[in-house]
Amino acid sequence: MKYTEGPEIRDTKAPAGPIEERWEKRKFSAKLVNPANKRKLNVIVVGTGLAGGSAAATLGELGYNVKSFCYQDSPRRAHSIAAQGGINAAKNYRGDGDSIYRLFYDTVKGGDFRARESNVYRLAQVSVNIIDQAVAQGVPFAREYGGLLDTRSFGGAQVSRTFYARGQTGQQLLLGAYQALERQVAAGTVTMHTRHEMLDLIVSDGRARGIIVRDMVTGEIERHYADAVVLATGGYGNVFFLSTNAKGCNTTAIWRAHERGAYFANPCYTQIHPTCIPVSGEYQSKLTLMSESLRNDGRVWVPLLKNDTRAPGDIPEEERDYYLERIYPAFGNLVPRDIASRAAKNVCDEGRGVGPGGLGVYLDFRDAINRLGRDAVEKKYGNLFEMYERITGENPYDVPMRIYPAVHYTMGGLWVDYDLQSTVPGLFVIGEANFSDHGANRLGASALMQGLADGYFVLPTTIGDYLAAGPFGDVDEEAVAEAEIRVRNKIDRLLSVNGTRTPDSFHRELGKLMWDYCGMERTEESLRKALDRIPELRAEFWQNVKVTGTAEELNQVLEKAGRVADFFDLAELMCLDALVRTESCGGHFRAESQDADGEALRDDENFAHVSAWEHTPDGPVLHKEALEYEYVKMTQRSYK
Ligand SMILES: Cc1cc2nc3c(=O)[nH]c(=O)nc-3n(C[C@H](O)[C@H](O)[C@H](O)COP(=O)(O)OP(=O)(O)OC[C@H]3O[C@@H](n4cnc5c(N)ncnc54)[C@H](O)[C@@H]3O)c2cc1C
């Protein structure tokens, strides 16, 4: 796949000056919209997860006219509901040395120095407000005996800053955002459009002015207009077919925006989560996460001997290798996800993996149960243990869990500036859908923090600065008609192929290819193979896919086919991005670039930048945004 290089991105709109004052400065310099004018301004928010739900509720509360969209039957079924372990905040309730600066530092380091300092600092500042907001909504965070909110530890941090509600933190936070959203629906500031899928973005006179959606129940194609559009459509990990994401997660909304002019940043940065239930067979279509919070008390180990088939209970202590504790004594089982995942892969590659096919390591609670008692462990993790037992048939109170890394999160996404605005004026992108704050590796419990920071606090300020110049008048009819025709043509094309293979079978093959060639480890050879094979598979898709049913009805095969078609294009860009970035950093591990200990070896001289890809008819154009570190010194990451 050919690409060219375009001009660098020089201005991200972050204010200059001391880092702790930048967000205050931006808030003060942002233009305000007076309350009477807010009523005349329309905003579309696509997505009702933690990012979109909190944004739509807050914008409604501020007085804007908001239209909210999601493809589920209820906003509260967004994928955010699956989040288990917790949400970070620099509250320092424990007095264990946490601070805004430390959260900032951990996040920049955890992201392997590939995130923007200004954004990350703001995230750490806002984190403390999120907890207050959620508590005020009644989110039932776990509390400790004294009544304060309880915290636990997550990877990449030596302090305990993760707030949680058992293993259901996302669900409880989403219920909070949902309540706030429904309150605005009742107040008439937000109109809710469930079971509507955005299929195109309307760009008129260079501004994002609306979306084309398909009513997923009737098949009707609708046009919706606004003065600004917010995409909060989540991540694209399902390009790998097997992932911990909800089955519906897809790339269509952001890919369409990319085709309409929004740059796509760092598409190759994928997070492989170390603690998931291993794949159990060929027909599996979903992987299940076992929350990182389990690594607070669970100890990860494999047998010292290769091909050891003894039951875990029969392997004596001295014949076990607690390899994370051995290799990384300072962080132990709580090293960041990229490091823990690669370490698991390495011990399995050595032949010391456990379970079928040797693709698993133990996560053992024996010591925690002996130390704390079964009740205490059950209180903290009961629902996760139950989930594990239901899926595997094994009781983790009695035998160690078996876990293996799996695709979990995408740090890449649409490029946004400090205001969370994309390269299309009026198109804002929040939550997992943007690329903004995690660099090359996201620390656990930071996605909920970022989604809610964006939705409750950042976007509602920055979008006002843009909307102050609105309303933007009539939308160009021609632009709308073109967008609608594109949507109709694609649907017709999918339905007319009438081949022999299901969209799912193509998706499975694409996913396997991505996992094998652009997964936990990538090489020039593997990426070139993928870049050769993806266009062939895509061509076969367009000649041989079978989409049953019609466009004028509920048609999940059609929905799926449209999403898979977009995954092909995204997959190609991911592999290109991974090929061009010949360094290793965070979750992007190029086997050619590793140090003597097998750790990711960055090349700061050539790659301390964000790769922002522009879509053009002549192929992708790469724009680089240089990353500068004024506060955290760039070093080779060490968790030893
Ligand atoms: C199993 C699991 C556990 C996790 N646990 C944690 C955790 O403990 N802590 C943490 O910080 N993070 C966790 N994460 C990550 C975190 O859950 C997600 O990153 C985060 O919830 C994403 O929120 P979001 O609002 O950006 O998107 P989502 O919650 O994915 O919401 C996307 C929304 O966009 C809508 N949408 C998408 N495309 C379209 C379209 N074309 N048209 C209309 N609507 C559309 C969907 O309907 C949905 O409403 C976990 C992730 C997984 C998979």
Side-chain angles (χ1 to χ4, degrees), residues 44-56 68-89 130 152 154 162-174 177-178 181 192-201 211-214 216 230-238 243-257 271 273 275-277 286-293 337 384 387 406-411 413 429-434 438 442-452 454-455 559 562-563 566:
I44 284 175
V45 181
V46 188
T48 59
L50 285 174
S54 59
S68 164
F69 293 83
C70 68
Y71 56 67
Q72 287 93 352
D73 56 355
S74 160
R76 65 173 192 276
R77 299 189 76 172
H79 159 69
S80 288
I81 204 160
Q84 301 171 348
I87 176 168
N88 288 331
I130 298 171
R152 54 190 175 198
F154 260 58
T162 305
F163 294 79
Y164 66 100
R166 271 181 106 205
Q168 308 169 341
T169 316
Q171 178 175 0
Q172 299 305 331
L173 287 167
L174 190 60
Y178 168 74
L181 180 65
M192 193 64 235
H193 301 261
T194 56
R195 303 192 91 175
H196 279 71
E197 182 163 25
M198 169 189 159
L199 294 179
D200 216 327
L201 177 74
I211 57 174
I212 305 286
V213 297
R214 178 170 178 272
M216 295 159 79
V230 181
L231 296 186
T233 50
Y236 51 84
N238 277 350
S243 91
T244 62
N245 288 194
K247 285 296 287 174
C249 293
N250 68 86
T251 189
T252 291
I254 56 170
W255 191 258
R256 204 60 65 244
Q271 175 159 89
H273 197 298
T275 53
C276 303
I277 299 181
K286 176 84 189 71
L287 292 176
T288 306
L289 175 76
M290 285 289 107
S291 168
E292 180 164 309
S293 59
R337 293 174 179 179
L384 299 172
M387 192 161 47
V407 173
H408 180 65
Y409 182 89
T410 43
M411 281 76 69
V429 191
I430 60 176
E432 193 174 339
N434 74 24
H438 308 292
R442 173 175 73 79
L443 290 185
S446 287
L448 303 187
M449 171 173 70
Q450 182 226 327
L452 290 178
D454 289 0
E559 289 162 21
R563 295 170 189 175
D566 291 328

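Note that this is a predicted model, so its numbers are computed, not measured. Counting convention: from 1, in listed order, for ligands and their atoms alike.
In the candidate list Ala83, Pro75, Ser293, Ala83 is nearest to atom 4 (C) of ligand 1, counting heavy atoms. Considering Asn238, Ile211, Leu289 only, the shortest heavy-atom separation from atom 1 (C) of ligand 1 involves Leu289. In this comparison of Ser446, Gly86, Gly49, the heavy atom closest to atom 7 (C) of ligand 1 sits on Gly86. When Arg195, His273, Met198 are checked for heavy-atom proximity to atom 41 (N) of ligand 1, Met198 turns out nearest.
Not close to ligand 1: Ser291, with no non-hydrogen atom less than 4.0 angstrom away. Within the structure, ligand 1 lacks Ile87 among the residues with a heavy atom less than 4.0 angstrom away. Using a 4.0 Å heavy-atom cutoff, Thr169 is absent from the residues neighbouring ligand 1. Within the structure, the closest approach of Arg256 to ligand 1 does not fall below 4.0 Å when heavy atoms are considered. The closest approach between Glu559 and ligand 1 stays at or above 4.0 Å for every heavy atom of the residue. Ligand 1 has no atom lying under 4.0 Å from any heavy atom of Gly235.
You'll find the side chain of Phe154 stays beyond 4.5 Å of the side chain of Ser446, heavy atoms only.
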Margin query: Under the criterion side-chain contact (heavy atoms from CB on, under 4.5 Å), I'd like the reasoning laid out for Asn250 against Tyr71: C-alpha separation, chi angles, the key distance, then a yes or no.
Written below: CA-CA 11 Å; Asn250 68 86; Tyr71 56 67; 3.7 Å; yes
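Inclusion of Val46 in the set of residues having an N or O under 3.5 Å from an N or O of ligand 1 is not warranted. The N/O atoms of Asn250, backbone and side chain alike, include none that comes under 3.5 Å of an N/O atom in ligand 1. The shortest N or O to N or O distance between Thr48 and ligand 1 is below 3.5 Å. For ligand 1, none of its N or O atoms has an N or O atom of Glu197 under 3.5 Å away. Considering backbone and side-chain atoms alike, Ile430 places every N or O at 3.5 Å or more from each N or O of ligand 1. In terms of polar-atom proximity, defined here as any N/O pair under 3.5 Å, Ala78 makes no such contact with ligand 1. When only interatomic distances are considered, the shortest N/O to N/O separation between Gln72 and ligand 1 falls below 3.5 Å. Remark: ligand 1 and Leu50 share an N or O pair separated by less than 3.5 Å (distance only, no angle test). Any N or O atom pair closer than 3.5 Å counts here, and Ala447 shares at least one such pair with ligand 1. For a threshold of 3.5 Å applied to N or O pairs, the pair formed by Thr252 and ligand 1 contains no separation below that value.
Within the 3.5 Å criterion, the main-chain N or O of Thr410 finds a donor-acceptor partner in the side chain of Glu432. With Arg195 contributing its side chain and Met216 its backbone, the two residues share no donor-acceptor pair below 3.5 Å. Asp454 places no side-chain N or O within 3.5 Å of a backbone atom of Ala51 that could act as its donor or acceptor partner.
Heavy-atom minimum distance, Thr48 versus Cys70: OG1-CB, 3.5 Å. Between Val46 and Met198 the shortest heavy-atom distance is CG2-SD, 3.9 Å. The two atoms that bring Gly237 and Asn245 nearest to each other are N-OD1, 3.6 Å, heavy atoms only. Pairing each heavy atom of Ala246 with each of Asn238, the nearest pair is O-ND2, 2.8 Å. Nearest heavy atom pair, residue Ala253 against residue Leu231, reads O-CD1, 3.9 Å. Among all heavy-atom pairs drawn from Arg152 and Gln84, the shortest one is NH2-O, 4.3 Å.
At the top of the distance list for atom 26 (O) of ligand 1, counting protein heavy atoms only, stands Glu432 N, 2.9 Å. The shortest contact between atom 23 (O) of ligand 1 and any protein heavy atom is with Ser80 OG, 3.0 Å.
Atoms of ligand 1 found under 4.0 Å from any heavy atom of Ala232 (numbered from 1 in listed order, with element): 32 (C), 33 (C), 34 (O). Every atom of ligand 1 is numbered from 1 in the order shown, and the set under 4.0 Å from a heavy atom of Gly234 is 26 (O), 27 (O), 30 (O), 32 (C).
Proximity of Gln271 to ligand 1, defined as any heavy-atom pair under 4.0 Å, is not found for any part of the residue.
Defined by atom type and a distance below 3.5 Å, a donor-acceptor pair is present between the side-chain atoms of Asp566 and Thr252.
Partner of Glu197 under the salt bridge (charged side-chain N to carboxylate O under 4.0 Å, His left out) criterion, chosen from Arg563, Arg214, Arg256: Arg563.
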